[in-house]
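Chain naming here is simple, since letters A, B, ... match the order of the sequence lines and numbering starts at 1 in each. Because the structure is predicted, anything quoted here is derived from the model rather than measured.
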There are 2 protein chains.
Amino acid sequence: MVEHSAIAQLAAAMSDEPAPIYQRVKQAIISQIRAGSWKANQRVPSESELVNELGVSRMTINRALRELTSEGFLVRMQGVGTFVAEMKGYTAMLEVHNIADEITQRGHQHRCQILAIGQNKADPEQAAVLGLSTGQTIFHSLIVHYEDDLPVQLEDRLVNPLVAPDYLSQDYHQLTPYTYLMQVAPLTAGEHIVEAVLPDARQRKYLSLDDHEPCLLIRRQTWSDTKIVTYARLLYPGSRYKLLGRFKGHG
Amino acid sequence: MVEHSAIAQLAAAMSDEPAPIYQRVKQAIISQIRAGSWKANQRVPSESELVNELGVSRMTINRALRELTSEGFLVRMQGVGTFVAEMKGYTAMLEVHNIADEITQRGHQHRCQILAIGQNKADPEQAAVLGLSTGQTIFHSLIVHYEDDLPVQLEDRLVNPLVAPDYLSQDYHQLTPYTYLMQVAPLTAGEHIVEAVLPDARQRKYLSLDDHEPCLLIRRQTWSDTKIVTYARLLYPGSRYKLLGRFKGHG
DNA sequence: CAGTGGTCTAGACCACGAA
DNA sequence: TCGTGGTCTAGACCACTGC
């Protein structure tokens, strides 16, 4: 049971603008949380209480609470109740796009140089990142991406040949490895790590960098279904590339 | 109207595992899209068709389609129909957490050293990033965050005194500036830029870094409502800090 | 106009957790 | 046992779109 005041406050917070009921219920609850009237871990009125007090059917209340739960405002436990979720600080997001799209979207020209492409027997480290066994054949490619004649990314990629058997016979001047892999094996999940590193001599040469110029390194593993499709090491000159992200708080 | 085969395929794809009906409908539709049977922009059977052919109530079908829409698989237009969404490549996300939480979650101890805190008249650049006028009073702080005696973040922060007038009188050994600001002005939006840089001599000293050690720099601007609350420059030693992110493709 | 999705209701049965 | 949330139904009215 929740004190009467909580529901009275909520009823007062219900706007009477012409909007769907479940939306107004959601907004009213959000405003209670934002204003601090309902604090983290505090219990929220039960569905049946809300039904009685707001005079709305349970399916409508349920939809409002369910959506707020999936949006991270509430936590629900069957048999227990509904509670205000803890704001775990924020988890802001950075979007990481396909390099070719990013460049053309900026209105610049993308072109690339293929430094190497081929196959080899996987050493233990390579096998591990692709989820294969040591000694199995794997594909690899090394490509520099240019934005209007300025190198902006060195793409060092390992590919699982079981997933993309025709990887070696594509023309990567026409489409990026990423785009090709998306076509043959739509990705279902991925993981990446962003860090700052100093490139080695060979990398500096390919990216036309001076000594001691730092780089962003993104290491990315991509799954399709249960198989690892590819492992990529994307190296960006720190002076020429930045990751940009926006985020919204709860709401 | 959608050809009969589309629905027949879907009915065949419905698993009979003991799961909620709307979940099974969702899975069946996802598998059609993944398998390529239903292609981007193709029309999906209407709610009433699915009701008739699958023998499920409309509310259940509606929930399945509505959730798939909010998950990015489908696009719906009132009066027109439901269509398979275009996969726009991926936009992967990186989560960026509060440094103190991150350290304690790893089971380590977080402590910090306050190098400077005070106020000054905003120079043009500072005014710009806080959305204020040149010469207005602003707050600033410079704090090093340690993970078990190893410095991992140099936090250089500007704060809008109109939003957080008591910023200077808090004890930042007890709670981080971020946590305090969240309390007084729940953030509604933000923007940040991640790049790789070389720290200057002063920064190297605070972070106990050798020459030429690259760092991750996150510059972050945070809004509450329409006002900019704070502008932070977070500098992380590249050798001691990495950003980790996971992402899921469509499903 | 007919067909689409968007919303809402009143009632129902169930699985779960706490007392 | 009782209250909780999780799901499902059959029917309804509405707004929007295209013909």
Next on the checklist: Is it true that, when you exclude A:Lys227 itself, more than 12 heavy atoms of the residues, nucleotides or ligands shown sit nearer than 6.0 Å to its NZ?
Outcome noted: no

Checklist entry - Which angle, rounded to 10°, do you find between the first-five-pair axis and the last-five-pair axis of the helix from C:dC1-D:dG18 to C:dA18-D:dT1? => result 10°

Checklist entry - Reckon B:Ser48 has a side-chain N or O less than 4.0 Å from the OP1 or OP2 of C:dT4? => result yes

Checklist entry - Are any side-chain N or O atoms of B:Asn52 and backbone N or O atoms of B:Ser48, one a donor and one an acceptor, separated by less than 3.5 Å? => result yes

Item to check | Ring geometry between A:Tyr172 and A:Tyr167 (parallel below 30°, tilted from 30 to 60°, perpendicular above 60°) | outcome: tilted

Item to check | Nearest-nucleotide pick for A:Pro20, side chain only, options being D:dG6, C:dC8, C:dG5 | outcome: C:dC8

Next on the checklist: Does D:dC8 have OP1 or OP2 under 4.0 Å away from a side-chain N or O of B:Arg63?
Outcome noted: no

Checklist entry - With sequence neighbours excluded, what pairs up with A:Tyr241 under the ring-ring contact (aromatic ring centres under 6.0 Å, His included) test? => result A:Tyr236

Checklist entry - Does a donor on one side chain sit under 3.5 Å from an acceptor on the other, for B:Ser141 and B:Arg157? => result no

Checklist entry - How does each nucleotide of nucleotides 9-19 of chain D score, in 5' to 3' order, for protein heavy atoms under 4.0 Å: base (B), sugar-phosphate only (S), or none (-)? => result BBBB--BBB--

Next on the checklist: Measuring to OP1 and OP2 of D:dG5, would you say a side-chain N or O of A:Thr82 lies under 4.0 angstrom away?
Outcome noted: yes

Next on the checklist: Has A:Arg24 got a side-chain atom pairing as donor or acceptor with A:Ala19's backbone, closer than 3.5 angstrom?
Outcome noted: yes

Item to check | From D:dT4, D:dG6, C:dG5, nucleotide with atom closest to B:Ser46 side chain | outcome: C:dG5

Checklist entry - Can you check whether A:Tyr22 has a side-chain N or O nearer than 4.0 Å to OP1 or OP2 of C:dT7? => result yes

Next on the checklist: Less than 4.0 angstrom between a side-chain N/O of A:Arg66 and OP1 or OP2 of D:dG6, yes or no?
Outcome noted: no

